[in-house]
Structure formats: C-alpha cells, structure tokens
Amino acid sequence: MELSGDYPHLHPSARAWADEDAPSRVRRIRTDRWIGYARAQAALAAIEDVLSFPKRTRMPNLLLVGPTNNGKTMIVEKFRRSHPPLAAADTEDGMARIPVLKIQMPAGPDELRFFGAILEALGMNQWSRERVAAQQSLATRLMRSTDVRMLIIDELHNVLSGSAVQQRRMLNQLRWLGNELQIPLVGVGTAEALRAIRSDDQLANRFEPLALPVWNEDEAYRRLLSTLEALLPLRAPSGLAQPALAEKIFAMSEGVLGEIVSIVTRAAATAVTSGAEAITAKLIEKSGFISPTGRRRVNV
Ligand SMILES: Nc1ncnc2c1ncn2[C@@H]1O[C@H](COP(=O)(O)OP(=O)(O)O)[C@@H](O)[C@H]1O
Ligand SMILES: [Mg+2]
C-alpha cells in the first residue's frame with residue numbers, strides 16, 4: 001500500500017482517500033461534493049446580502065435563474081447549511097429557530113400544497129388540509145415564532161404548471177407572504193420562473209434576477225476541472241484541464257455543470273475499477289455517458 005502524501009496531484013484532503021480500496025473510492029467519487037466556483041461564491045454572497053437586510057416594508061427578493069442541472073439547488077442548500085436551525089432545547093425561550101426555510105414549489109401549485117410545503121419544512125406532519133386560510137395563518141404564525149428570516153422557494157417555475165387562475169393566486173400569496181413577514185424571498189428556477197415572476201408587475205419589481213448561465217470554455221471552466229480532479233481519489237494525474245480533455249468534456253456536457261461533473265465522475269469510477277487510475281479520452285468514451293441532447297432523443 002502506498003503512503004498518503006504521495007499524490008501531489010490531489011488536494012491534501014483527498015490524498016488519504018487515494019490509498020483506500022476500489023469500492024470505497026468509487027463510493028467517494030459518486031458522492032456529491034461542493035466546489036466553490038466563482039459564480040457560486042458570488043451567488044452565496046448575494047443571498048447573504050439580502051439576508052442581512054433590516055426589516056422593512058419592501059424587502060428585496062432574489063431569483064436565482066439558470067438551466068436545469070446547473071448547480072442552483074446546490075447553492076441554496078449550501079446557503080441553508082451555513083445558517084442551520086437551532087433546536088428548541090438550545091434556545092433560552094425553548095422555541096426552535098429556523099433562520100433559512102427552504103421549500104419546493106409543488107407541481108400543480110395551489111395554496112394548500114404551498115402552505116403544506118412550508119408546514120412540512122417547519123417540521124409539522126399533520127395539519128388540516130381543508131382550509132387555505134387556516135393553513136396560511138398557521139404557517140405564518142410558525143414562521144414568526146421560529147424566527148424565519150428568509151424563505152427559499154426552489155423549482156419556482158412549477159408555478160406555471162397551474163391554471164392561469166392558480167398562477168395568479170400563487171403569485172399573490174408570494175407577494176402577501178413577503179409583505180406580511182417582512183422577510184426576503186429567494187426564488188430558484190429556470191428561465192420559466194423568471195417569466196412567471198414577470199407576469200406580475202409588482203413582483204417583477206422586487207425580484208432581482210441572479211443568473212447562473214451555462215459554462216463557457218474559459219479559464220473558470222478549466223479551473224473547475226482542475227479542482228474536480230484534485231478532489232477525486234485517483235492515484236495518477238489525468239490533466240483534465242489540458243486542451244484535448246477539456247474540449248472533449250465541454251462538448252459532451254454542453255456547458256452544463258451537472259453534466260461536466262457527471263462525465264468526469266463516471267470516467268473516474270471507470271478509472272478506478274479498470275485499474276487505469278487516470279481519466280483519458282478513451283475512458284470517457286467507455287464510461288457510457290450520453291449527452292443531454294442525446295438523452296432527449298432517446299426519451300420517447
Ligand atoms: N458547487 C458544486 N460543486 C460540485 N458539484 C456541483 C455543484 N453544483 C452542482 N454540482 C453538480 O451538478 C449537479 C446538479 O446540480 P443541482 O444544484 O441539482 O442543479 P439545478 O438545481 O440547477 O438543477 C449536482 O448533483 C452535482 O453533481
Ligand atoms: Mg434544482
């Protein structure tokens with residue numbers, strides 16, 4: 001067994017992993033990891049900025065917009081983890097604190113499901129499903145008593161899956177909730193989410209879009225590849241940021257972060273199981289990745 005410290009191509013935190021057996025290394029490779037690329041850090045800073053705003057009647061809201069599979073949920077999850085809840089047992093008044101509450105906009109969104117999602121995120125499993133008004137007042141009461149300071153609504157584009165009347169009602173609810181609690185809202189979704197928000201003049205004024213576009217084949221992209229490579233416990237260097245591999249991965253990924261990560265991690269797993277220990281163009285081809293466009297073609 002080689003000694004850790006022998007792997008200068010790896011980040012210090014990943015060096016010890018490189019000595020593990022194949023199954024545990026494959027498991028590590030398949031586990032999501034956080035990479036703080038520049039746009040993600042900027043987004044986190046923008047969300048932090050909105051959280052630190054003093055209460056006022058018109059709170060600033062953010063809308064994190066980008067294509068599917070491009071890192072939006074990872075960013076808001078990271079943000080939430082950096083503002084963790086406080087359990088009731090750990091507060092002086094015996095009330096739990098949930099500074100950042102995150103929900104998903106339900107598909108087929110109606111107000112019952114929306115407030116149901118909030119109540120669930122607050123840890124309530126049972127609530128009356130009959131009346132919107134009761135659920136709305138319970139949700140806002142609990143959000144106040146747990147001192148929720150920000151509501152994050154992921155998959156906001158799901159608003160558009162409702163009828164025109166439902167859409168209008170949901171957008172009204174969002175406006176109402178922000179006003180009532182005087183907390184910032186952070187919407188997360190695709191360009192469709194932006195379209196939904198823009199259909200309501202008052203909301204459009206209050207939501208500042210924060211774009212998370214697909215990647216370009218630039219220095220930031222190559223840095224991402226190098227960081228990723230340094231975190232994957234392969235015993236030999238692959239040189240992912242070298243032109244040949246970088247270009248190949250970029251073309252296959254169509255610039256979408258989740259695809260880039262998936263191409264590299266699949267190939268890395270194959271590199272471990274085959275004993276190759278480094279990612280090559282051939283390995284990438286052998287690892288059976290289908291590009292997003294190809295996948296859409298396969299879908300029937
Ligand atoms: N900051 C990050 N660091 C490392 N991998 C990431 C990061 N953000 C996204 N990914 C990868 O991309 C995938 C899709 O990210 P996700 O946040 O679910 O996208 P979205 O919410 O935009 O659809 C993740 O499962 C992960 O593999
Ligand atoms: Mg998501």
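Counting starts at 1 for both ligands and their atoms, in listed order. This is a predicted model, so every value here is computed, not measured.
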Sorted by chain and residue number, the residues with a non-hydrogen atom under 4.0 Å of ligand 1 are Asp32, Arg33, Trp34, Ile35, Tyr37, Pro67, Thr68, Asn69, Asn70, Gly71, Lys72, Thr73, Met74, Leu257, Gly258, Val261
Does atom CD of Glu208 have more than 12 heavy-atom neighbours from other groups under 6.0 Å away? no
For Lys286, does the NZ atom have more than 12 heavy-atom neighbours from other residues, nucleotides or ligands under 6.0 Å away? no
Does Thr73 put an N, O or S atom under 2.8 Å from the Mg ion (ligand 2)? yes
Six-ring centre of Phe289, Arg295 cation under 6.0 angstrom, axis tolerance 45°: yes
ILVMFWY network linking Leu44 to Phe207, side-chain heavy atoms under 4.5 angstrom: no
I'd like to know if Lys282 pairs up with Glu285 as an ion pair, taking the criterion as any Lys NZ or Arg NE/NH1/NH2 lying under 4.0 Å from an Asp or Glu carboxylate oxygen. no
Close side-chain approach of Met143 and Ile183, heavy atoms under 4.5 Å: yes
